[in-house]
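Remarks on the structure that follows.
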Amino acid sequence: MPNSSQREVRVRFAPSPTGDLHVGNIRTALFDWAYARHTGGKFIFRIEDTDRERVTDEYIAAAIDTLRWLGLQWDEGPEVGGPYGPYLQSQRLEIYAEWATKFLAQGDAYHCYCSAAELEAVREAQRSANVAPGYDGKCRNLSAEAIAVYEAEGRKPVVRMRMPEGSTTFTDLIRGDVSFEHDFVPDFVLVRADGSPLYTLAVAVDDVMMKVTHVLRGEDLLSSTPRQIRVYQAMGVTPDEYPLFAHLPFVMGQDNTKLSKRNGEVSIAWYRDAGYLPEAICNYLALLGWSPGEDREDVSMKELTELFTVERVHSSPARFDMKKLEAINGDKIRSLTLDEFYSRALPFLQRAEVITGTVAEADLVKRALPIIQERIATLSEIPLMLKFLFVTNFSVEPDSQTKIQDEQSKKVLQSALDALSGVSDWSHESIESVLRVALIEGLGLKPRIAFGAVRIAVTGSHISPPLFESMELLGRERSLERIKAAL
RNA sequence: GGCCCCGUCGUCUAGUGGCCUAGGACUCUGGCUUCUCAAGUCAGCUACGAGGGUUCGAAUCCCUUCGGGGCUACCA
């Protein structure tokens, strides 16, 4: 039997969707995916919903949707199936029950009748006595009589795994050898009193049964690895068949605490709505805890699969920096072809109700996009910048309005109106040359002063896309109307 | 408290004993460009947590220390 490093690579992403997938989850998913693709192996998507109190169908659906949106296509998992399914743990309950029964029969696990209150009391005592906390092993070797008494009391037992004396050592692909003395790994629960399995049981059983070869996951799971390995042993899996572990460093918030709502947006759905491109999110996230070296930072999805190796993953945590994500997003937007940019822009324009979806609008949008492409960092800025082209009841922003109330501005607008009235070829080139002659040469004004007033009158704001192109797009009639209205 | 992990510019990182008076990117500051805003471009600021070793030579190896984080559930 070939060992884990020789078998076909099978990597799984196994979130427990107790909310929207967040930045940290996705970084893990991205690395899992990239590693599978890099090695030509399989990317498996599994839902860990053993805690049905917290995992809902909505969150599961959202997780599936998010992964799809990001382009992290899975080879096995929800909706696509696969040879080792089902891929929802809630649909594998009988499998876990069978193994638990087997462990019980083998003596690897035992029934524990301790109540939550009793366990808490033990922990409390351990805390004050300053000794290692954990289950005290009270039910490890219960006599038949003692069991009968508990049963008579109506107590429902949990199934608890027996940790033998000794220690567990494993090689983490990122951190090297890590070992834990079993004195600090207490007997742990596999099955709840109601018969439902816990993560510790399900994760190990599934990884073995789904023939997972590499477990790349968050470092918060590092200290649960000995428990997972203990289950492998009880299952009869030999060490050379264990999956290889790689514990990824955390993605932290700005204030160096775990990323959460408090210190930055975490939900990927939020980034989607805010106009971030999936490839930008992936590119940025890839740089958190990993780097291709050689001062490279711009990485496409394809390049990521070519360059990604676990060896180049860091062991130290990274802070999430929205500013850098934004910068990368802007770069990605600028490198979009017009067609790509157009299809991504459309939903944002429609959602903002700037356009309704007519053919005429589509044409104007297509002509307008090139002049704003290099001016935005997120797609959500598009409606703001293009609104002036579509609005029916046009008005100038109050802030800008005050800037064209003075005599000089009126004079500028009047001159512009006069000069522009005679223009027949309404192209940005001729608009510009006519205005330069009339305002710069004619009135002797600085360009920023002269064009500023026209800009406000025509676009409604002192910040806008390039003036002459904007006027060309707006059309002669509407442009002149707006200048007139501003007088 | 115990166990485990981690420690290079503000942030993400390059760096695996000499190529490092530490490179790139983002941010920030200033300049150029310029019809606004951007984009582009040039320049600048700022880092090997600290202390000991090992070595001709250390960001790179060892030890100690300090700091940060995770786990310590019938959560994952």
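Proteins get letters first, then strands, A, B, ... in listed order; numbering begins at 1 in each.
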Contact string for nucleotides 41-48 of chain B, one letter per nucleotide 5' to 3', B = base within protein heavy-atom range under 4.0 Å, S = sugar-phosphate only, - = neither, reads --------

For residues 431-472 of chain A, the ring-ring contact (aromatic ring centres under 6.0 Å, His included) pairs (sequence neighbours left out) are A/F451-A/F468

Residues in residues 449-461 of chain A with a heavy atom under 4.0 Å of RNA chain B, by number, are A/F451, A/R455

Expected rows: protein N/O vs nucleotides 4-8 of chain B N/O, under 3.5 Å:
from	atom 1	to	atom 2	distance (Å)
B/rC5	O2'	A/R175	NH1	2.4

Quick note, ring-ring contact (aromatic ring centres under 6.0 Å, His included) partners involving residues 278-301 of chain A, not counting sequence neighbours, are A/Y284-A/F320, A/W290-A/F308

Applied to residues 373-385 of chain A, the side chain to side chain donor-acceptor pair (under 3.5 Å) test, sequence neighbours excluded, yields A/T378-A/S380, A/T378-A/E381

Applied to residues 88-98 of chain A, the salt bridge (Lys or Arg N to Asp or Glu O under 4.0 Å) test, sequence neighbours excluded, yields A/R92-A/D206

So which protein nitrogen or oxygen atoms get under 3.5 Å of nucleotides 30-33 of chain B's nitrogens or oxygens?
none

Checklist entry - Think A/R375 has a side-chain N or O under 4.0 angstrom from the OP1 or OP2 of B/rC37? => result no

Contacts of A/D172 meeting salt bridge (charged side-chain N to carboxylate O under 4.0 Å, His left out) (sequence neighbours excluded), chain-then-number -> none

Nucleotide N/O of nucleotides 62-66 of chain B paired with protein N/O under 3.5 Å:
none

Residue set satisfying ring pair (Phe, Tyr, Trp, His ring centres under 6.0 Å) with A/Y232, at least two apart, ordered chain then number -> A/Y242

With sequence neighbours left out, the residues meeting salt bridge (charged side-chain N to carboxylate O under 4.0 Å, His left out) with A/E326 are none

